[in-house]
Amino acid sequence: MSAANTGEIAQGPPTTVPLSLSFDGLQELIMIVITGATGNVGRPLVAALAGAGERVTAVSRRPVADAGVAGVRSVAADLGDAASLRPALEGADALFLMVPPDVLGGGGGPDEVVKAAVSSGVRKVVVLSSLINGTRPQARSHEVLRVWEEAVQGSGLDWTVLRPGSFATNTLAWADSVRAERTVYAPFGEVALPVVDPDDLAAVAAMVLREEGHAGRVHELTGPAAVSPREQTAALGAALGIPLVFVELTRAQARARMVRFLPEAVADGTLDVLGAPLPGERRVSPAVEALLGRAPGSFRAWADRVAAAFR
Ligand SMILES: NC(=O)c1ccc[n+]([C@@H]2O[C@H](COP(=O)([O-])OP(=O)(O)OC[C@H]3O[C@@H](n4cnc5c(N)ncnc54)[C@H](OP(=O)(O)O)[C@@H]3O)[C@@H](O)[C@H]2O)c1
């Protein structure tokens, strides 16, 4: 199977070796740093690693994720300020790097973060990037994310890039109007994309962080089927047990809502994809299944799991 067909841009056969280091026959647990630790991907990733018995350092500006979770320590740091990250990186073997919206909006570059990781003795780095970095390599909207991806690839560390498509969790932006009016307002009602469950991204990230054999690989990650906003609305209604009304927004109306929480350029680039996806953005990637040995979760399954957030 070609690299394009597996959702992976890769070299060399993978080998699977447990991440723990061996010294005189003793297994020594390594430490893994997760940035964005209370976010859509970070939260389930911290849980997956801690559940597998790994030592985890959970990083966010306002850390709360570790309350009562064995093996997890929380450290406050800002990715826009590499110096604040250094205490989190002490003793770390692996780093999961997500680039938060304020940094995507120009709040700090990757060089100092990568330098801090290298000088702290980090051996492996996994960066959460975007499918758009492969499908639209010139897109201005994703220039900052591209710079972070390239910095990781040029770091000299064992790097792996995760390039997901649109997250199912983006629809949490519909929660207020679903609660108040049983209505979803969204653009491009009929345009279907294979949205991905962030729990699957976390499962892939946990695997890549814990095992060897993924260095120098780019994994394109999507859900199992393309599903339009109108179909997502129906699935969400079914999960909630109530019919929901779908109201299509114009691109300008959708943009006005998105720029409340995304840099303008990122909102514009995202709308380009939502409105007129390229073949590589419509395609269901087999990578989640190839990596995890099970199909990725559907939008409906995600909606069933998180329905309470819309009630
Ligand atoms: N949404 C999509 O459809 C999509 C698709 C492809 C790629 N992506 C990429 O995925 C990433 C977002 O992942 P996500 O949804 O898991 O993120 P998210 O839920 O927005 O993550 C928020 C997490 O990041 C922390 N955080 C925010 N700003 C920070 C800062 N300056 N320094 C340190 N921590 C900070 C937050 O905690 P605090 O606020 O306490 O710091 C929280 O832990 C972005 O890089 C995006 O480009 C998203």
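When a ligand or atom number is given, it counts from 1 through the structure's own listing order. All values derive from a computational prediction rather than experimental measurement.
Counting heavy atoms closer than 4.0 Å to ligand 1, residue Asn170 contributes side-chain atoms (C-beta onward) but none from N, CA, C or O. Looking at Leu104 against ligand 1, only its side chain comes within 4.0 Å, counting heavy atoms. At a heavy-atom cutoff of 4.0 Å, ligand 1 is contacted by no atom of Thr35, backbone or side chain. Here Leu79 has heavy atoms under 4.0 Å from ligand 1 in both its backbone and its side chain. At a heavy-atom distance under 4.0 Å, only side-chain atoms of Met98, from C-beta outward, approach ligand 1.
In this structure, the separation between CG on Leu236 and CH2 on Trp174 is 7.0 Å, given to the nearest 0.5 Å.
Using a 4.0 angstrom heavy-atom cutoff, Ala76 does not count as in contact with ligand 1. For the pair Pro198 and ligand 1, no heavy-atom separation below 4.0 Å is found. Residue contacts with ligand 1 include Ala77, since one of its heavy atoms falls under 4.0 Å from the ligand.
Residue Pro100 has at least one heavy-atom neighbour below 4.0 Å for each of these atoms of ligand 1: 27 (C), 28 (N), 29 (C), 30 (C), 31 (N). For ligand 1 and Ser130, the ligand atoms under 4.0 Å from any heavy atom of the residue are 6 (C), 7 (C).
Remark: Arg257 qualifies as a cation-pi partner of Tyr185 under the 6.0 Å distance and 45° angle criteria applied to the six-membered ring.
Closest protein heavy atom to atom 44 (C) of ligand 1: Val99 O, 3.3 Å.
Taking only non-hydrogen atoms, the option from Leu128, Val195, Leu262, Asn40 nearest to atom 13 (O) of ligand 1 is Leu128.
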